[in-house]
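Here the structure is laid out as C-alpha cells; the discussion comes afterwards.
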Amino acid sequence: MDAETQPPGNSNPDAENETVEIDLSSTQLDLTSFQLHDLDSIELSPALIELDLTANRLSSLDRRIAHLSKLKKLSFRQNLIDDAAIEPLSSWEALSALEELVLRDNKLMKIPDASIFKSLLVFDVSFNEIKSAQGLAKVSNTLKELYVSKNEVTAMEEIDHLHQLQILEFGSNRLRVMENLQNLTKLQELWLGRNRIKTINLCGLKCIKKLSLQSNRLTSMKGLEECIALVELYLSHNGITKMEGLATLVNLSVLDVSSNKLASVDDIQNLTQLEDLWLNDNQIESLEGIAETVAGSREKLTTIYLENNPCAKSPNYAMNLKQIFPNIQQIDSNVFA
C-alpha cells in the first residue's frame, strides 16, 4: 500500500467509560480506540508479546511497559506522544528483543533513539513533524520495513547500513533527490510520492518490485531501464511528456502514468504481463496505433483508464477499446460483468 495518505482512525465514543476486561493469560493486548489518557486502570501481563495502544490519548509512556521482556510488537499509533515523552524508551533494556515499533501519527519532531532494539524488523514514524532523518543511523541493520512518510524530511540519509530493508517509505516529505539507496540490495518496495523529486535515480538497484513517484516534479521516465523486477510502477501527477525506458520492464503488471503531459502511448510493446494501464488525464489525441503499441499485453490487459484525454471523446471509444482488448473488464470507471 502506498501510505502517502492516512487511513481513517477507528473511533469508539463510548470506550472512555468502558471497563476493560483483560485475559491475563493472553499474550496479546489490543486497546485500540479506548481513548485512554493513561494505562492506570489496565493490568499489563508480563506474558505480553504484542501491545497495541492505537488511537488513544496517551501523552506519556507507562513505566510498567519497561518490564515486558517478552514484548515483540509495540504500537503507540495515533496518540499524543512527543520527543520528551518517548525518550525513556531508549533506556528500557528489557525491551531489546522488540521486533516492531510503531510511533505513527504522534507529535515527534525527531527520529527517536531506537539503538537498544537489536532485532528490530519494523519501524514506523510516519505522520509526525520530523524534519530530518538523522537518528536512523542508530536503527538496527536487521530492519526490513521503514516508514517515514508524511513528515518534513529533506534528505534520504543514514539508511545505507540497512542492508536487509525490503520496504522503504518516504512519501509526503520534502525530498528533492533520490540518494543513498545503493546498499539496499534487498529493497522490494520504494514509496516516494508527494515529494519534490525531479530525476529518477535508483542508485543501481535492480531488485525493486514496487515503485511510487507520484506527485513529484518528474519530466522524464529515464532511469528505470535496469529495474527489470518491477511489477508495479506509479508515476501519476508529474510533468512527463514521453513514455520511454519501459521496454525492458517485462514483469510490469501495473503502470500508472495518469495526469502527466503524454501525447501518445509508447514503449510498452514488450510488456506481456501488463494488466492495469492508467493513462487518464493526459493529452492523447487518438486511439490510432494503440493496438500495435500494446501488442504484448493485448490478451492480458483487464483495466485501462483513458478518460480526460481527447481520444476519450471519439465516437465508439469504449467499443473500439473492447475490440482491441478481448479480455478487458474495466474501461475508466465502467466495470463489465
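The analysis underlying the following values was restricted to heavy atoms, covering all of them including side chains, and did not include hydrogens, waters or symmetry mates.
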Assess the side chains of Gln214 and Ser236: does a donor N or O sit below 3.5 Å from an acceptor N or O? yes
Side chains of Lys186 and Gln166: any donor to acceptor distance under 3.5 Å? no
If we ignore hydrogens and angles and just use 3.5 Å, is the side chain of Asn216 paired with the main-chain N or O of Asn238 as donor and acceptor? no
Under a single-linkage definition using a 4.5 Å side-chain heavy-atom cutoff for Ile, Leu, Val, Met, Phe, Trp and Tyr, are Leu277 and Ile324 assigned to the same hydrophobic cluster? yes
Contacts of type side chain to side chain donor-acceptor pair (under 3.5 Å), residue Asn141, not counting sequence neighbours: none
Cluster membership besides Met319, Ile/Leu/Val/Met/Phe/Trp/Tyr side chains within less than 4.5 angstrom, sorted by chain and number, is none
Quick one: which residue pairs count as a ring-ring contact (aromatic ring centres under 6.0 Å, His included) with a foot in residues 48-76, not counting sequence neighbours? none
Trp278: which other cluster members, linking ILVMFWY side chains closer than 4.5 Å, directly or transitively? Tyr305
Under the salt bridge (Lys or Arg N to Asp or Glu O under 4.0 Å) test, residues paired with Arg64 that sit two or more places apart: Asp62
Those residues at least two apart in sequence (or on a different chain) that pass ring-ring contact (aromatic ring centres under 6.0 Å, His included) with Trp92 are none
Rounded to the nearest 0.5 Å, the CG atom of Asn151 sits from the CZ atom of Arg174 at a distance of 10.5 Å
Residues pairing under salt bridge (charged side-chain N to carboxylate O under 4.0 Å, His left out) where one sits in residues 123-133, two or more places apart or in two chains, turn out to be Arg104-Asp124, Lys131-Glu152
Going by side-chain contact (heavy atoms from CB on, under 4.5 Å), name the residues that satisfy it together with Gln188, two or more places apart in sequence or in a different chain. Lys209
Applying side chain to side chain donor-acceptor pair (under 3.5 Å), can you list everything that pairs with Asp266, at least two apart in sequence or on another chain? Ser264
Check for a donor-acceptor pair, side chain of Asp40 on one end and backbone N or O of Asp38 on the other, with a separation under 3.5 Å. no
Under a 4.5 Å side-chain heavy-atom rule over Ile, Leu, Val, Met, Phe, Trp and Tyr, are Ile42 and Ile81 clustered together? yes
Quick one: side-chain hydrogen bond (donor to acceptor under 3.5 Å, both in side chains) pairs with a partner in residues 315-325, sequence neighbours left out? Tyr317-Asp332
What's the spacing between Glu100 CD and Leu74 CG if we round to 0.5 Å? 9.5 Å
Heavy atoms from other residues, nucleotides or ligands near CD of Gln283 exceed 12 (cutoff 6.0 Å): yes
When rounded to the nearest 0.5 Å, the distance separating CG of Asn282 from OG of Ser259 is 7.0 Å
Residue set satisfying salt bridge (Lys or Arg N to Asp or Glu O under 4.0 Å) with Asp52, at least two apart, ordered chain then number -> none
Examine distances only and state if a side-chain atom of Asp30 and a backbone atom of Thr32 form a donor-acceptor pair shorter than 3.5 Å. yes
How about CD on Gln182, more than 12 heavy atoms from neighbouring residues, nucleotides or ligands closer than 6.0 Å, or not? yes
Enumerate the residue pairs fulfilling side-chain hydrogen bond (donor to acceptor under 3.5 Å, both in side chains) with a member in residues 107-122, sequence neighbours excluded, ordered by first and then second residue. Asp113-Ser115
